[in-house]
Amino acid sequence: MARVCIDPGHGGYDPGAVGPTGLKEKDVVLDIALQTGKLLASAGLEVSFTRTSDRVLWSADERMDLVNRCRIANQTGADFFVSIHCNSANNPDAHGTETYYCSRSDRGAIVARLIQEELVKTLGLRDRQTKEGNYYVLRETVMPAVLTEIAFINNQQEEQLLARPDFRVKVAQAISGVLVKYFGAGSRGGEPEHSEPQLVINGRVVTNVPSCLIDGKTYVELRSLVSNLGGEVRWDEMTKTIIVEL
Ligand SMILES: [Zn+2]
């Protein structure tokens, strides 16, 4: 049975970002995280949390805070780590949803994209895309990990949304929906917890290219695939273009 560790950002001594009316990030993300966990558990996945209340299990120290979150994820043997946050910027007009992954994890990148797509589809906020993020919790967790920034709590309109129970339900449904699809419902039994097709290139079984099957579509990590074919993938940041040379 797949295990997911959910990390509601901040908590206890650390309120996270605070909205114009005083809504605290730590309270919003805890509610969303608990609902996400409930949905995952009811679909048969095993769920652990870095915190389940406003109490954190560590002292008021930002570094120990992050170290402990990763320790919990790593010790529970989670297959996937999802950290839930609200965004904040100096610009009060900044808005939208974005999701981060760690560069070394192809699987993290795939799931980050699926979560981002689902959140954008469900919430209808601006698509700020998935991004590589050098966050401690993404770097120091040993399993694929994503960090999602649901919306900007410092933006007046988005703070209002984040305060709404129905909005939070939608977020939890979007995140849990993707993870259940990806890891497969544990209650269904079945050996492979998520469907991982075998890849054969020119008659050779290739095991170092992450791939998965979701809703009948096959996702294969492009860079590994192309390098197995002897080619090269480049990314042009300016034009957001993937350039494949074979
Ligand atoms: Zn945060």
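In listed order, ligands and their atoms are each counted from 1.
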Q) Picking from Val47, Val111, Leu39, what satisfies side-chain contact (heavy atoms from CB on, under 4.5 Å) with Leu179? A) Val111
Q. For Lys121, what residues pass the side-chain contact (heavy atoms from CB on, under 4.5 Å) criterion, not counting sequence neighbours?
A. Glu118
Q) salt bridge (Lys or Arg N to Asp or Glu O under 4.0 Å) with Glu62: which residues, sequence neighbours excluded? A) none
**Q.** the Zn ion (ligand 1) neighbourhood, protein N/O/S only, threshold under 2.8 Å
**A.** His10 NE2, Glu25 OE2, His85 ND1
Q: With sequence neighbours excluded, tell me which residues meet side-chain contact (heavy atoms from CB on, under 4.5 Å) with Leu125.
A: Thr97, Leu123, Ala151, Glu158, Leu161, Phe167
(Q) Given 3.5 Å as the limit, does a donor-acceptor pair link the side chain of Glu132 with the main chain of Cys102, or not? (A) no
Q. Are Leu66 and Glu140 close enough, and set up right, to give a side-chain contact (heavy atoms from CB on, under 4.5 Å), and what steps lead you there?
A. CA-CA 9 Å; Leu66 297 172; Glu140 300 300 324; over 6 Å; no
